[in-house]
Amino acid sequence: DGGITQSPKYLFRKEGQNVTLSCEQNLNHDAMYWYRQDPGQGLRLIYYSQIVNDFQKGDIAEGYSVSREKKESFPLTVTSAQKNPTAFYLCASTQNGVNYGYTFGSGTRLTVV
Amino acid sequence: GQSLEQPSEVTAVEGAIVQINCTYQTSGFYGLSWYQQHDGGAPTFLSYNGLDGLEETGRFSSFLSRSDSYGYLLLQELQMKDSASYFCAGGTGAGSYQLTFGKGTKLSVIP
């Protein structure tokens, strides 16, 4: 079945370390997104990509980086510059030109220890 | 920019009907979507309104009035499994539309 796979499900990071969250989709979707969710909050856009080798900053890109070397993959790196990285991270995808019906992965819960 | 406002919590009785409202302020608006998220889970797409009016999908309906910058999600015949958070999301951006989400409404269904 098609879908989005995020790994790991839980991740613990020491302060000052960079960590990379994986996101892989087999839906043949063009566009991929990273959202951050804090308790009791909505989803805030970190980065998005409409095509391979191209990506744009979202509303809260500071302290994060991404790459899009393959259509299927859109990893997110949380760098040591991100001051408050503890959150639930969600990856999503959709076809270009479609503004609804996003498919989400099951998320990665990152905790800084 | 976009902002979407929705109530933070709603409680309703099993079998009843509940309406979750969403108002928005936006420029370049491209439609309103609704997503359901159970605790610790992934959001799942419920409904979309690109034009004014009512869209019905089973027990769920969604309404949009672009002139009023207002929409709502209507859940009928509530079941315990409907206890979840519900997010409205507005589409913006040309090409690959970006979604801006409201902060979510936590629905508690009680017996």
Side-chain angles (χ1 to χ4, degrees), chain A residues 3-7 9-10 23 25 27 29-52 54-61 68 71 74 87-111, chain B residues 1-9 20 22-24 26 28-51 55 57 60 62 64 66 71 73 84-107:
Chain A
I4 296 182
T5 301
Q6 289 188 241
S7 62
K9 188 172 179 66
Y10 298 95
C23 178
Q25 54 100 358
L27 299 164
H29 283 168
D30 301 302
M32 297 186 74
Y33 304 82
W34 276 106
Y35 284 89
R36 169 180 172 142
Q37 186 175 31
D38 295 285
Q41 299 295 312
L43 284 67
R44 292 183 291 168
L45 183 62
I46 304 172
Y47 267 98
Y48 65 102
S49 169
Q50 298 175 249
I51 194 170
V52 174
D54 187 53
F55 47 82
Q56 286 77 40
K57 293 181 178 180
D59 299 322
I60 56 166
R68 186 85 185 275
K71 184 176 183 178
F74 191 41
F88 189 45
Y89 292 87
L90 288 158
C91 179
S93 72
T94 190
Q95 292 289 2
N96 271 337
V98 175
N99 65 342
Y100 60 91
Y102 281 24
T103 300
F104 282 86
S106 57
T108 293
R109 191 167 300 278
L110 173 63
T111 303
Chain B
Q2 277 201 350
S3 67
L4 300 100
E5 299 292 329
Q6 52 183 129
S8 59
E9 295 183 5
I20 299 174
C22 176
T23 58
Y24 59 88
T26 185
F29 178 67
Y30 289 90
L32 192 68
S33 304
W34 289 91
Y35 289 78
Q36 179 193 61
Q37 185 183 33
H38 287 97
D39 285 346
T44 56
F45 171 71
L46 291 177
S47 185
Y48 170 73
N49 295 77
L51 300 173
E55 295 286 340
T57 308
F60 294 178
S62 58
L64 176 64
R66 288 175 295 173
L73 178 69
S85 292
Y86 293 83
F87 296 87
C88 58
T92 186
S96 177
Y97 299 95
Q98 307 162 48
L99 283 184
T100 299
F101 286 80
K103 292 187 176 182
T105 298
K106 186 172 180 63
L107 171 64

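Residue numbering restarts at 1 for every chain, and letters A, B, ... go by the order of the sequence lines. Values below: every heavy atom of this structure, side chains too, minus hydrogens, waters and symmetry copies.
With chain A as partner, the option from Gly40(B), Gly41(B), Pro43(B), Ala42(B) having the largest number of non-hydrogen pairs under 4.5 angstrom is Pro43(B).
Using a 4.5 Å cut-off between heavy atoms, Gln37(A) touches chain B through its side chain atoms alone. Heavy-atom distances place no part of Arg44(A) under 4.5 Å from chain B, backbone and side chain included.
Residues forming a salt bridge (charged side-chain N to carboxylate O under 4.0 Å, His left out) with Asp59(A) (at least two apart in sequence, or on another chain): none. Among residues two or more places apart in sequence or in another chain, the side-chain hydrogen bond (donor to acceptor under 3.5 Å, both in side chains) test is passed with Lys57(A) by none.
Residue Tyr48(A) holds its OH atom at 12.0 Å from CG of Leu99(B), rounded to the nearest 0.5 Å.
A donor-acceptor pair is defined here as one N or O able to donate and one able to accept, closer than 3.5 Å; no such pair exists between the side chain of Tyr102(A) and the backbone of Thr44(B).
Ring centers of Phe45(B) and Phe104(A): at least 6.0 Å apart, outside the cut-off.
Counting heavy-atom neighbours within 6.0 Å of Asp54(A) CG, excluding the residue itself, gives a total above 12.
Counting only heavy atoms from C-beta outward, the side chains of Phe101(B) and Gln41(A) never approach each other to under 4.5 Å. Inter-residue side-chain proximity for Leu90(A) and Gln37(B) is flagged as met; some heavy-atom pair is nearer than 4.5 Å.
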